Undergrad: 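Here it is, the structure, as structure tokens.
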Amino acid sequence: MSILELLGLVVAGFAAGVAGYVTGLASIVSYPALLAVGLNPLAANVTNTVALVAVGVGSFAKSGRALTAGDGGRSLARSSLLALAGGVVGAALLLLAPASVFGYVVPYLVGLASVALLVQPYLRRRIEHGSDRRLGWAIAVFAVSIYGGYFGAGAGVIFLAAAMLLTSLPLWHSVLLKSALLGVANAVAAVAFIIFGPVHWPAAVAMGVGCLLGGWIGPPLVARLPAEPLRIAIGVCGIGLAVWLGMGH
């Protein structure tokens, strides 16, 4: 791999880091970039997962205090354990199961989550005031983390939709929580891929550097963006991703 290609992956990683934190759509930038420099789909997938761990690291280092303040630390710990377990299952599926396991259902999951984000104010009003629906949130964290460990394109959108519908958190806090939990799922899957998968290390390091910087930039960027237009933009982009995935990319 040439120096120019590695520099291109740093740039792609930065764009993926920002996009991943703000919208949850990191893989739509990072995965095609890895394919473009010659990695096969399996190597690109596992290398992508390893590199994207840096997004969660960068964003948590920048704004982690907001998640751990007060009782948030205990809640984050419980959710992180579920995300860890889901990431283990997802990594095992990728390494052991046929690549088509999630192929048909994923576009529908991403599309459904994106529509849920677009109509989130209406759906949240249907939930009893003050209820966090803890069981539903726990199931959602585990299930989405399985997908995040397996492939992950659009997992951030699904996480964000679940947080906006099943908790009482505001958008900016939901975005930060999504990034942290997806980072946990990616991290545990990355450990499995490092041991058992075909990680392309020059590409992973180059993209990881860019992802780290992008994740660091993400929190203050979200804090300055108006919540409603951002929610709508994420929903629209998520629908676009669902269409892209449904076309077989």
Side-chain angles (χ1 to χ4, degrees), residues 18-28 55-56 59-60 63-64 66-80 82-83 86 106-148 152-186 215 218-242 245:
V18 174
Y21 183 83
V22 176
T23 69
L25 300 172
S27 289
I28 200 172
V55 178
S59 61
F60 192 81
S63 296
L67 283 178
T68 57
D71 292 333
R74 287 193 293 272
S75 177
L76 177 62
R78 289 193 295 267
S79 296
S80 295
L82 291 167
V106 164
Y108 298 100
L109 289 175
V110 176
L112 182 62
S114 301
V115 172
L117 267 181
L118 290 173
V119 298
Q120 177 266 338
Y122 168 78
L123 292 177
R124 184 175 267 188
R125 284 196 297 269
R126 305 282 295 184
I127 298 174
E128 182 181 357
H129 180 69
S131 173
D132 277 355
R133 292 196 171 182
R134 293 181 181 179
L135 178 59
W137 170 244
I139 293 171
V141 170
F142 180 68
V144 180
S145 296
I146 292 176
Y147 172 54
V157 174
I158 304 174
F159 254 135
L160 184 57
M164 292 293 289
L165 295 175
L166 299 175
T167 78
S168 57
L169 298 174
L171 179 63
W172 71 269
H173 202 142
S174 296
V175 170
L176 182 56
L177 180 62
K178 169 268 300 176
S179 182
L181 295 179
L182 192 55
V184 170
N186 280 340
L221 181 60
V222 167
R224 289 171 172 78
L225 294 174
E228 283 303 291
L230 178 59
R231 176 182 59 81
I232 293 170
I234 295 171
V236 171
C237 290
I239 291 173
L241 175 60
L245 291 170

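Hydrogens, waters and symmetry mates are skipped; everything else that's a heavy atom, side chains included, is used. Because the structure is a prediction, the values reported are computed rather than measured.
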Undergrad: Identify the heavy atoms of L118 and I232 that sit nearest to each other, and give their distance.
TA: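 Scanning both residues completely, I find the closest heavy atoms to be CD2-O, 3.5 Å.
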Undergrad: Looking only at heavy atoms, which two atoms of L181 and W137 are closest? And how far apart?
TA: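 Heavy atoms only, the tightest pair is CD1-CZ2, 3.7 Å.
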Undergrad: Grab the two heavy atoms, one from A140 and one from A162, that are nearest each other, plus how far apart they are.
TA: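 Heavy-atom minimum between the residues: CB-CB, 4.0 Å.
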Undergrad: Are L160 and L177 packed together at the side-chain level, in the sense that at least one heavy-atom pair is separated by less than 4.5 angstrom?
TA: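 Sidechains of L177 and L160: no contact.
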Undergrad: Ignoring hydrogens, what is the shortest heavy-atom contact between L182 and G148? Give both atom names and the distance.
TA: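 Nearest pair, atom of L182 first, then G148: CD1-CA, 4.3 Å.
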Undergrad: Where is the tightest heavy-atom contact between S174 and M164, given as atom of each residue plus distance?
TA: OG-SD, 3.5 Å
Undergrad: Where do S79 and V141 come nearest, in terms of heavy atoms and distance?
TA: O-CG1, 3.5 Å
Undergrad: Between S145 and F159, is there a side-chain heavy-atom distance shorter than 4.5 Å?
TA: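 They are in contact (side-chain heavy atoms under 4.5 Å apart), so the answer is yes.
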